[in-house]
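Read the structure below first, then the notes.
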There are 2 protein chains.
Amino acid sequence: MKDVYQQIAFEKLRDAGLKITKPRQMIVDFLASSDTALSPYEVQNLLQKKGIKSDVVTIYRVFEVLENLSLVHKVLAFNGYIRCHTEELKSLEEICHHYLLCKSCKRVEEVEGEDLTNLEKKIEKNYGFKIRSHYLEFMGVCKNCKKKKGQA
Amino acid sequence: MKDVYQQIAFEKLRDAGLKITKPRQMIVDFLASSDTALSPYEVQNLLQKKGIKSDVVTIYRVFEVLENLSLVHKVLAFNGYIRCHTEELKSLEEICHHYLLCKSCKRVEEVEGEDLTNLEKKIEKNYGFKIRSHYLEFMGVCKNCKKKKGQA
DNA sequence: GTGTATGCAAATGTTTTGCACGTCC
DNA sequence: GGACGTGCAAAACATTTGCATACAC
């Protein structure tokens with residue numbers, strides 16, 4: 001799963017005529033295995049822990065590139081980026097992002113199988129509004145954290 | 001409509017034992033008549049244009065207060081605050097915020113009559129996730145701006 | 001070798017904190 | 001008069017820009 005993401009990411013970078021550099025490799029790596037949204041500074045810390053020094057500026061720029069290639073999606077409420085799901089990566093359609101954000105552990109879960117196409121169509125019709133993308137972020141408490149709280 | 005918002009805002013402030021100060025009055029006033037999300041610095045500029053000098057710090061703090069009283073809602077994608085709708089102000093329930101954000105004119109429209117209660121219930125059941133609040137922001141182009149583009 | 005990407009420096013912008021003073025009730 | 005709110009100063013934090021160097025291809 002993790003490897004698939006990396007593979008697709010490198011492919012997309014190459015296809016766009018961009019280079020596969022160390023920072024880009026590392027960041028794709030972190031994204032592939034993280035289930036929280038990563039901010040540039042968090043990525044920098046992760047890199048530091050691996051003994052790698054990298055400037056936040058670079059990380060900002062890498063995220064920008066990855067976002068343009070639809071490899072990551074910004075999670076507004078957490079001010080960070082999360083990898084797009086593998087199935088979505090291959091789709092050419094406008095992508096639906098629905099996230100469950102746990103206030104407690106900061107984990108980001110993706111809601112699958114629900115799509116808002118009908119709602120969007122209705123809105124486009126009723127409001128004359130052309131939808132380009134959307135953010136749907138549910139803030140709350142995840143399964144695991146509910147359990148922990150219950151035990152405590 | 002504008003007056004109703006102000007009235008409710010002052011009422012809520014009083015009920016919470018908070019004071020109705022000049023900055024709070026002014027900010028409520030701007031919010032009441034604005035159909036875009038206002039950032040603290042934008043509010044400061046608006047105040048300046050009226051010949052009133054006010055510190056951004058104060059504005060940040062006023063927004064914090066208003067948010068706690070459910071008088072404003074943060075629009076993440078625009079990094080600003082928009083007034084809550086009058087009907088919602090009286091509701092004690094968790095509030096649903098669905099916004100249409102126009103990339104072009106920055107206007108924020110509220111989607112009415114659609115609620116995600118069913119989707120939320122399904123998510124809570126399927127994912128064991130307790131939803132506290134959500135952000136649903138559709139980015140796109142509004143009716144007016146589509147028209148303008150068409151003419152140009 | 002060439003052109004893109006990175007790192008560094010620094011500017012710019014945003015948000016938060018502490019404290020003294022002002023003002024609303 | 002007393003408590004809460006504001007303004008100021010400054011710190012902390014986040015983001016962007018320009019330019020020289022390094023590195024992927």
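The basis for the numbers below is simple: all heavy atoms, side chains too, and nothing from hydrogens, waters or symmetry mates. Labels below follow one simple rule: chain letters A, B, ... track the order of the sequence lines, proteins then strands, and each chain is numbered from 1.
Applying the side-chain contact (heavy atoms from CB on, under 4.5 Å) rule to Lys103(B) yields the partners Arg132(A), Met139(B); only residues at least two apart in sequence or on another chain are considered. Scanning for side chain to side chain donor-acceptor pair (under 3.5 Å) contacts around Ser104(A) gives an empty result, with sequence neighbours left out. Scanning for salt bridge (Lys or Arg N to Asp or Glu O under 4.0 Å) contacts around Asp55(B) gives an empty result, with sequence neighbours left out. Tyr135(B) meets the ring-ring contact (aromatic ring centres under 6.0 Å, His included) test with His73(B); sequence neighbours excluded. For the side-chain contact (heavy atoms from CB on, under 4.5 Å) test, residues two or more places apart in sequence or in another chain that qualify with Glu124(B) are Lys130(B), Ile131(B). Partners of Asn144(A) under the side-chain contact (heavy atoms from CB on, under 4.5 Å) rule, at least two apart in sequence or in another chain, are Arg107(A), Cys142(A), Lys147(A).
The CD1 atom of Ile123(B) lies 9.0 Å from the CZ atom of Phe129(B); values are rounded to the nearest 0.5 Å.
As a whole-Å value, the separation of Phe63(B) CZ from dT6(D) P is 13 Å. Atom pair Gln44(A):CD and dA14(D):P shows a separation of 11 Å (rounding to whole Å applied). Spacing between atom CD of Glu64(A) and atom P of dT4(C) amounts to 16 Å, rounded to whole angstrom units.
The phosphate of dT6(C) (OP1 or OP2) has no side-chain N or O of Ser54(A) nearer than 4.0 angstrom.
Rounded to 10°, the helix from dG1(C)-dC25(D) to dC25(C)-dG1(D) has 40° between the axis fitted to its first five pairs and the one fitted to its last five.
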Side-chain polar contacts of residues 20-46 of chain A - donor-acceptor pairs under 3.5 angstrom, sequence neighbours left out - could you list them?
residue: Arg24(A); atom: NH1; partner: Lys19(A); partner atom: O; Å: 2.9
residue: Asp29(A); atom: OD1; partner: Gln6(A); partner atom: NE2; Å: 2.3
residue: Ser33(A); atom: OG; partner: Asp29(A); partner atom: O; Å: 3.2
residue: Ser34(A); atom: OG; partner: Thr36(A); partner atom: N; Å: 3.1
residue: Ser34(A); atom: OG; partner: Thr36(A); partner atom: O; Å: 2.9
residue: Ser34(A); atom: OG; partner: Thr36(A); partner atom: OG1; Å: 3.3
residue: Ser39(A); atom: OG; partner: Glu42(A); partner atom: N; Å: 3.2
residue: Glu42(A); atom: OE1; partner: Ser39(A); partner atom: N; Å: 2.9
residue: Gln44(A); atom: NE2; partner: Ser54(A); partner atom: O; Å: 2.8

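In the hydrophobic clustering (ILVMFWY side chains linked at under 4.5 Å, chained through shared members), Val141(B) stands by itself.
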Sugar-phosphate means primed atoms, P, OP1 and OP2; the rest is base. With that split, encode nucleotides 11-17 of chain C 5' to 3' as B, S or - using protein heavy atoms under 4.0 Å.
---BBBB
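Here side chain to side chain donor-acceptor pair (under 3.5 Å) pairs that include residues 56-69 of chain A, with residues two or more places apart or in two chains, number zero.
Residues of residues 13-27 of chain B that place a heavy atom closer than 4.0 Å to DNA chain C, in numerical order, are Lys19(B), Ile20(B).
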